[in-house]
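Just so it is clear, the model here is predicted, and its values are computed rather than measured. What you see below is based on every heavy atom in this structure, not just the backbone, and it leaves out hydrogens, waters and symmetry mates. Residue numbers begin at 1 in each chain, while the letters A, B, ... track the order of the sequences.
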Number of protein chains: 2
Amino acid sequence: MATTTAAERKEQARRDYDAFLDLCPTRQLLSTLTDKWVALVIAVLSDGPRRHSEIAHRIAGVSQKMLTQTLRTLERDGFLTRTVTASVPVRVDYELTPLGDELVPVMTAIKSWAETHMDRVATARTDFDARAAR
Amino acid sequence: MATTTAAERKEQARRDYDAFLDLCPTRQLLSTLTDKWVALVIAVLSDGPRRHSEIAHRIAGVSQKMLTQTLRTLERDGFLTRTVTASVPVRVDYELTPLGDELVPVMTAIKSWAETHMDRVATARTDFDARAAR
DNA sequence: CAGTATCCCAACGGATACTG
DNA sequence: CAGTATCCGTTGGGATACTG
């Protein structure tokens, strides 16, 4: 198989990935990346490794279930590593991988865009609703 | 009310928006921005005004319902304008507002990130599943 | 502390049919 | 062509209880 691996990789790399296409795998990846909890988790970890409980505290309102689920997905996709320290009680640390680091600028950009432009959006919304009410 | 408007705006602007906070309005805006269809629609319109049918064609697999719903949300939030030309059949054009234009870099960044790093994610996923199977 | 397992409701989102 | 309305299955996501 070693002889075809390199060729296959090239083939794969040459392929034109396009999220506009329904069946393209990037459409699925786009779904993962466009997720509220993903953006927040990546933002938290951009400051360095964090424990499960630290992340939970930082992201107000996230449920146990969603946090664990999000962390698992991100681990599977290679964005972060999960390190278990077998103490009592157990300690689990999450840390961004190099791939995860590359995601940081994109994710923090969305978050800060929202924070920066919130006022303008709020105004637009009020105007729209006022116009719709007429 | 004119006397308080300026002060109120300042007050609002000075407020520390933080999407990490559960009740902060930016959390809701973040939810809107982290949406697969939103990213794709903004990406389409970044090339200029488009008709409803053109957008539908460009974004493969989007349903009528989701497209219209997404366009309405984006219009309400001030990201695009909707122009109806009363002909038979009717013609509707969508165009980014200045606020929408400011969103383009952020949205296209996610889309192209997904397309660029798809291979590495796919590899990570395979590795993870293989390790999990052991 | 971290995680799993249920239960359960609400929102997402597709398919279809109908209107101006 | 663009949009609305309805139906309905799927998923998201919270609450709670339990385990190592």
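If you measure from atom CD of B:E75 to atom P of D:dA2, you get 15 Å, rounded to the nearest angstrom. When the C1' atom of C:dC1 is taken as reference, atom NE2 of A:H57 falls 12 Å away, rounded to whole Å.
Residues in residues 69-81 of chain B take part in these side-chain hydrogen bond (donor to acceptor under 3.5 Å, both in side chains) pairs, two or more places apart or across chains: A:R125-B:D77, A:D129-B:R76. The salt bridge (Lys or Arg N to Asp or Glu O under 4.0 Å) pairs that include a residue from residues 25-35 of chain B are B:D22-B:R27, where partners are two or more places apart or lie in different chains. Applying the side-chain hydrogen bond (donor to acceptor under 3.5 Å, both in side chains) test to every pair with at least one member in residues 38-66 of chain A, sequence neighbours left out, gives no pairs at all.
Both B:L96 and B:V84 are members of a single hydrophobic cluster when ILVMFWY side chains are connected at heavy-atom separations under 4.5 Å.
Between B:S53 and the phosphate of D:dA2, there is a side-chain N or O to OP1/OP2 separation shorter than 4.0 Å. Put simply, B:R91 has no side-chain N or O that comes within less than 4.0 Å of OP1 or OP2 on D:dA2.
By the side chain to side chain donor-acceptor pair (under 3.5 Å) test, A:E102 pairs with B:H117, B:R120, sequence neighbours left out. By the side chain to side chain donor-acceptor pair (under 3.5 Å) test, A:R91 is found to be paired with A:D93, residues two or more places apart in sequence or in another chain being considered. Here A:D127 pairs with nothing under the salt bridge (Lys or Arg N to Asp or Glu O under 4.0 Å) rule; sequence neighbours left out. Judged as a salt bridge (Lys or Arg N to Asp or Glu O under 4.0 Å), and not counting sequence neighbours, A:D101 has no contacts.
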For Watson-Crick and G-U wobble pairs within 3.5 Å on both distances, what is DNA chain D written in dot-bracket notation, | included for inter-strand pairing? ||||||||||||||||||||
What does nucleotides 3-20 of chain C look like as a protein-contact string, B for base, S for sugar-phosphate only, - for none, at under 4.0 angstrom between heavy atoms? BB--------BBB-----
